[in-house]
2 protein chains.
Amino acid sequence: MIKRRKNPVEMIHTEPNLCSTDLRLHILHGVPFFASLEHTKIEEINQQIHEKGFKPGDYLYFAGDPADSLFIIAEGRVKLLRHTTAGKDVMLDLLIPGEFFGGLSTSSSSTYLETAQALTSVCALSISREGFRTILNQHPAVGIQVLDLVAARLEAAHDTIHQLSAQTAEQRIAATLLMLAAKLGEPHEVGLLIQTPLSRDELAEMTATTPETASRVISQFQRDGWIATGRKWIALIRLEELLQTAEMKV
Amino acid sequence: MIKRRKNPVEMIHTEPNLCSTDLRLHILHGVPFFASLEHTKIEEINQQIHEKGFKPGDYLYFAGDPADSLFIIAEGRVKLLRHTTAGKDVMLDLLIPGEFFGGLSTSSSSTYLETAQALTSVCALSISREGFRTILNQHPAVGIQVLDLVAARLEAAHDTIHQLSAQTAEQRIAATLLMLAAKLGEPHEVGLLIQTPLSRDELAEMTATTPETASRVISQFQRDGWIATGRKWIALIRLEELLQTAEMKV
DNA sequence: CGGTAGTTTGAACTACGTCAAGGGTCGTGG
DNA sequence: CCACGACCCTTGACGTAGTTCAAACTACCG
């Protein structure tokens, strides 16, 4: 059996007041939907933006809070989730720097429908709903970019629904690992490392199963030599086999 | 036991070439995201629109086809679905007049990711992706409307994921019936009638279960006097109890 | 080096899927 | 208008993937 190793996931250390103006501008330029704007315009937008740091496990907001801000991640990982009466959470998305979330539309609900929680130290930029609306009104190209991004997320959500409807826990877990690797994967001596802390519990929240079942499947994958894993980390080794397992339609 | 009745769902008879110019303009005015435009502008847009009729069971397009058009329903019901290798379909949405679907964004996949099938006779309006892009560029307000609608669908998809992850088949079916009634419900002597033909098979496709399980749950609801049902129709009687059943979160 | 949080594994249980047979409803054609 | 056939729905019996409960084990942190 493969010997377990120390956690290779790189820690993200974000001090409370890290986001320097330079970093903020850098992030804003990098954000897909502001990319089309001129530098001066972005500096103007920068004036409307607030920043805030969070520690791992901190909640950025809870479902039901008044949805007055749109967030953009500058650094760290954030998960979007819903709570269940039974206390079991459902993870809907895992976001990385450059991605946005929170109060997007004016017309829809005035409270957040999901909870946002930091998985690592996080630096988040935020802008008021109204401020964001103003930008959308002044820059149609930004609106189209945002539309495309939201449409892509809708497709991803439909993928998930499809998986939950038609696939086994093993298939969903394999598919989720591949998806995570595509988004967060970093080459590493132990394999293609999923660069975020991720417990069996959280993997279960993503795949609509229990921590026990996630553990059993992960253990089997490890026994097969398809992955390397440890406490809160997973690295993929045999992508081909995982794909084969997940496949029967993503 | 409640005696079963003849199908009270009103047939939609759409002749191949039904969409008169008047009806088209009427629909276009009614469509939420064109509502903000002036009449002359809508007539201009009307020039770019093609119409097509479909019979029940017809496919408007298949997943994998080149996604060159955006559709708007003028009349009828359309279901969006994905196919499974096992031949079991997964229904992702059920659309009514005024709703749009198809090739929405330019940046995302150039082929349709879902299949669209007519549940009834359907009259659909279509516009090319490029044509729609042009409208978006010229009318920022339209883009924002569309963004809000897509964001609302994303929320709905997240609701579904939540349900599939955390609820029993009975709860999901109760929730789905209530959702359908909110969208398609019409007061009727037999109860709040879900105004579309819907088989146990299709209900199963919507709730990630099998026709047999859907039938068992529906039969139980009927025995309890919560609904009235028959071949391809369902009417709700005791909303309160259904809500109670579904509840434990959406 | 001890404690906490995360992980693994086993054994019993259950909601649901599968397979199969029978019955009701509707449309069509005589 | 009736009768036949196709399609849809129902119900039962059985199998199983996955949950639940519980206990032991291990990585990591202070």
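Just so it is clear, the model here is predicted, and its values are computed rather than measured. In the text below, chain A, chain B and the rest are named by the order of the sequence lines, each starting its count at 1.
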Residue that, paired with B:D93, satisfies side-chain contact (heavy atoms from CB on, under 4.5 Å) out of B:E99, B:E114, B:R153, B:K79: B:R153

Atom-to-atom span, CH2 of A:W233 to C1' of D:dA27 - whole angstrom: 12 Å

Rounded interatomic separation in angstrom, taking CD from B:E205 and P from C:dG17: 14 Å

OP1 or OP2 of D:dT11 under 4.0 Å from side-chain N/O of B:S219: yes

Under 4.0 angstrom between B:S199 side-chain N/O and D:dC7 OP1 or OP2: no

Between C1' of D:dC9 and CD1 of B:I227, the distance in whole Å: 13 Å

Integer-rounded Å distance: D:dA27 P and A:I234 CD1: 16 Å

N or O in side chain of B:T213 less than 4.0 angstrom from C:dG17 OP1/OP2: yes

Exam field: side chain A:R77 to backbone A:Q195, donor-acceptor pair closer than 3.5 Å: yes

Short side-chain N/O contact to D:dA17 OP1/OP2 from A:T168, under 4.0 Å: no

Short side-chain N/O contact from A:R223 to OP1 or OP2 of C:dT9, under 4.0 Å: yes

Partner of B:R200 by side-chain contact (heavy atoms from CB on, under 4.5 Å), out of B:T209, B:V217, B:I234: B:I234

Flag for B:R238-B:T245: side-chain donor and acceptor within less than 3.5 Å: no

Under-3.5 Å donor-acceptor pair between B:R216 side chain and D:dG12 base: yes

A:E212 CD - D:dA24 P separation (whole Å): 16 Å

